[in-house]
Structure formats: structure tokens, C-alpha cells
Amino acid sequence: MTIDGPSGAGKSTVAKELAKRLGYLYIDTGAMYRVVALEAREKGNEAENEDTFERWVSSLRITFLDRGGDVRILCNGRDRTQAIRSPEVSLLASEISKRRAVREALVRMQREMGEGGAVVLEGRDTGTVVFPGAEVKFYLDARSEERARRRFKELVEKGARVDYEETLREVVQRDQSDMTRSLSPLRRAEDAFLIDSTGRSVEEVIGEMIRLIEKKGEEQ
Ligand code: DC
């Protein structure tokens, strides 16, 4: 199953919950782009050519660890779950995700992780590029003001000092960057169910998704 859409549409929350209810593995592909962005910034190797950079990205051991619903992301054994969530890493990830070297290496890893089935992949291109043949695909969207409000609340709860207007600017800027890049831009797969989460609770959205999954199952 794949869930794509812009940032702040609620993808992670519903993807995690659906994976839990279905007993599937949850794969947060955005977290993988964030890890690469963070590791590259720390290493200072962003300027390397595409082939060298791809070899380096491919050499990273990125793993997800599910500790009873608390999913951690590790890179070469180091827990990066917290460090990848800053607004700075959000923008760096959006930038680095435009590079061929990064997309090719991560898509390869994602296909390996999901080849056995029983997975919920969440991201921007999981239904269009990573698994175009996925059984059920969703495209989750919401108005940008609402997505910025959610992101703002999340950051405030984590103790970050942020400004709503700035968060909105960042959300719009990141959408623009994710939707207009030349490689695998964010777009809805033709066969993905479009769900708008504006003004709706997590339960309502998950309820609609489960109904659609069941309906799809009955049709097959
Ligand atoms: O979902 P997120 O905010 O954690 O994703 C961070 C960035 O990673 C996002 O701005 C674009 C990139 N990304 C991508 O290019 N393809 C994906 N499948 C997932 C994320």
C-alpha cells in the first residue's frame, strides 16, 4: 500500500495507524531522504559528483526499528529519529531529494524493503515510481494553511521556537520544490484514491481509507 502527498497532510499519522491495524511494516521514505540530507551535511560531501555520491548513499545502512509502534530510524546503527525532524533538515531533504544519485539509491533500498509485500510506504513518489503496481494507493492532501497549522503545532509541542507565518512559507516553498523538480515530482498516481483531510479528524480519514481498502478487496 502506498500513501503519497504534500507535507503536513497527515500521511505519517494515518500510515502508522493503518500499518498497525493491518499488521504491516511502516516505511517512512521521507525519513530516508532526511537521513541522507543530515549525514551529507555532517560529512560535507554534497559537492561530490553524482556517481561518487550515489556510491556513498548506497553504502549507508538505513534501517527502521519498530519498538511496539514507536518506529525509529537508524543510519549505520545510529538512531537519527530526533535529529532529522528540524525545519533545517526538512529544507535540506527537499533539496537533496532532487538529485538523481539520491533518488536512485533510496528507491532501490525501498524496493528491497517492500518486495515481500505487507508494507505501507509513505512519501511523495511511492505510488508513482517506487511501487507503481501497488495494490492500493492513496494521495492524501489538505489546504496549505491547515497543513502549516499542523506542522506549527507539532513543532511547538516539541519545544521549538517557531512562527506560524514562517512555517506556512516553508510549507508552500517545500511543496513548490517537491512538485516542480524534474525527477519524480510529487503528483497523484492516476489510480490513487484522492483523500482531502482538511477539517477532518484522523479517525474519519482512516475510516474512509479502510472502507476503500475493503471495497477494493471485494472487487478483486
Ligand atoms: O515526508 P517528509 O517531509 O519527511 O519528506 C522530506 C523530503 O523528502 C520532502 O520534502 C521531499 C523528499 N521526499 C521525496 O522526494 N520522496 C519521497 N518519497 C519522500 C520524501
Side-chain angles (χ1 to χ4, degrees), residues 1-16 18-19 26-41 46 53-54 57 60 62 64 71-73 75 80-114 119-132 134 137-142 144 146-155 158 160 162 167-189 192 197:
M1 179 185 312
T2 60
I3 305 179
D4 292 308
S7 55
K11 297 188 303 289
S12 301
T13 313
V14 300
K16 256 184 236 165
L18 277 177
Y26 164 57
I27 300 174
D28 177 357
T29 63
M32 298 170 76
Y33 287 91
R34 286 170 181 269
V35 161
V36 171
L38 179 62
E39 296 277 334
R41 197 203 47 188
E46 294 105 320
F53 202 63
E54 183 176 352
V57 178
L60 299 173
I62 302 178
F64 289 99
V71 181
R72 318 293 302 178
I73 184 161
C75 184
R80 303 304 248 152
T81 317
Q82 283 294 317
I84 59 169
R85 293 296 157 195
S86 69
E88 188 199 356
V89 175
S90 299
L91 289 176
L92 284 173
S94 187
E95 281 309 308
I96 217 160
S97 70
K98 292 177 184 163
R99 293 183 66 166
R100 176 191 63 76
V102 178
R103 301 213 73 83
E104 286 184 1
L106 290 189
V107 166
R108 214 179 304 125
M109 283 183 212
Q110 290 154 13
R111 288 186 178 144
E112 275 170 25
M113 289 176 178
V119 286
V120 176
L121 284 115
E122 179 229 314
R124 303 290 188 289
D125 64 342
T126 63
T128 51
V129 175
V130 187
F131 284 107
K137 300 179 188 177
F138 292 104
Y139 187 89
L140 194 60
D141 209 347
S144 43
E146 173 139 343
R147 294 190 286 109
R149 243 191 326 272
R150 290 177 189 162
R151 187 63 90 207
F152 176 71
K153 193 167 158 255
E154 224 175 76
L155 290 167
K158 279 184 197 147
V162 280
T167 310
L168 177 61
R169 267 197 303 279
E170 274 171 13
V171 162
V172 171
Q173 184 188 338
R174 203 142 68 88
D175 289 351
Q176 188 64 14
S177 146
D178 294 344
M179 288 170 159
T180 56
R181 67 174 180 231
S182 56
L183 294 176
S184 319
L186 167 64
R187 65 173 182 85
R188 178 169 86 91
S197 69

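In this chain, residues are counted from 1 in sequence order. Bear in mind that the values here come from a model prediction, so they are computed numbers and not experimental data. When a ligand or atom number is given, it counts from 1 through the structure's own listing order. Computed from heavy atoms alone, side chains included, the values below leave out hydrogens, waters and symmetry copies.
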| message | Could you check whether atom NZ of Lys153 has more than 12 heavy atoms from other residues, nucleotides or ligands sitting under 6.0 Å from it? | response |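 No, NZ of Lys153 has 12 or fewer neighbouring heavy atoms, counting only those of other groups under 6.0 Å.
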| request: Tell me, yes or no, whether the heavy-atom count around Gln176 atom CD, taken from other residues, nucleotides or ligands under 6.0 Å, exceeds 12. | output: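 At most 12 heavy atoms, drawn from other residues, nucleotides or ligands, come within 6.0 Å of this atom.
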Tell me, which protein residue and heavy-atom name are nearest [atom], and how many Å apart are they?
{"atom": "atom 10 (O) of ligand 1", "result": "Arg174 NH1, 2.7 Å"}
{"atom": "atom 11 (C) of ligand 1", "result": "Asp178 OD1, 3.4 Å"}
{"atom": "atom 1 (O) of ligand 1", "result": "Arg124 NH1, 2.9 Å"}

| Salt-bridged, Glu88 to Arg41, with N to O below 4.0 Å? |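 Counted as a salt bridge, because a side-chain N and a carboxylate O are separated by less than 4.0 Å.
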| task | State whether Arg100 and Glu54 are salt-bridged, where the test is any N-O pair (Lys NZ or Arg NE/NH1/NH2 against Asp/Glu carboxylate O) under 4.0 Å. | result |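 A salt bridge is present here (some side-chain N lies under 4.0 Å from a carboxylate O).
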Min N/O separation [X] to ligand 1 under 3.5 Å:
{"X": "Arg181", "value": "yes"}
{"X": "Thr29", "value": "yes"}
{"X": "Asp125", "value": "yes"}
{"X": "Arg103", "value": "yes"}

Which atoms of ligand 1 are found less than 4.0 Å from any heavy atom of [X]?
{"X": "Ser94", "result": "10 (O)"}
{"X": "Gly123", "result": "18 (N), 19 (C)"}
{"X": "Tyr33", "result": "8 (O), 13 (N), 14 (C), 16 (N), 17 (C), 18 (N), 19 (C), 20 (C)"}
{"X": "Arg34", "result": "2 (P), 3 (O), 4 (O), 6 (C)"}

Donor-acceptor pair, distance only, cut-off 3.5 Å: does the side chain of [X] make one with the backbone of [Y]?
{"X": "Arg111", "Y": "Val130", "answer": "yes"}
{"X": "Arg103", "Y": "Lys98", "answer": "no"}
{"X": "Thr167", "Y": "Ala148", "answer": "no"}
{"X": "Asp4", "Y": "Asp125", "answer": "yes"}
{"X": "Arg34", "Y": "Arg80", "answer": "no"}

| So between Ala9, Gly8, Pro6, Gly30, whose heavy atom ends up nearest atom 20 (C) of ligand 1? |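 Of the listed residues, Gly30 has the closest heavy atom.
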| Applying a 4.0 Å heavy-atom criterion (strictly less than), which segment of Ser97 is in contact with ligand 1: side chain, backbone, both, or neither? |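 Side chain only.
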| Is Met32 touching ligand 1 with its side chain, its backbone, both, or neither, if touching means heavy atoms under 4.0 Å apart? |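 Neither; no heavy atom under 4.0 Å.
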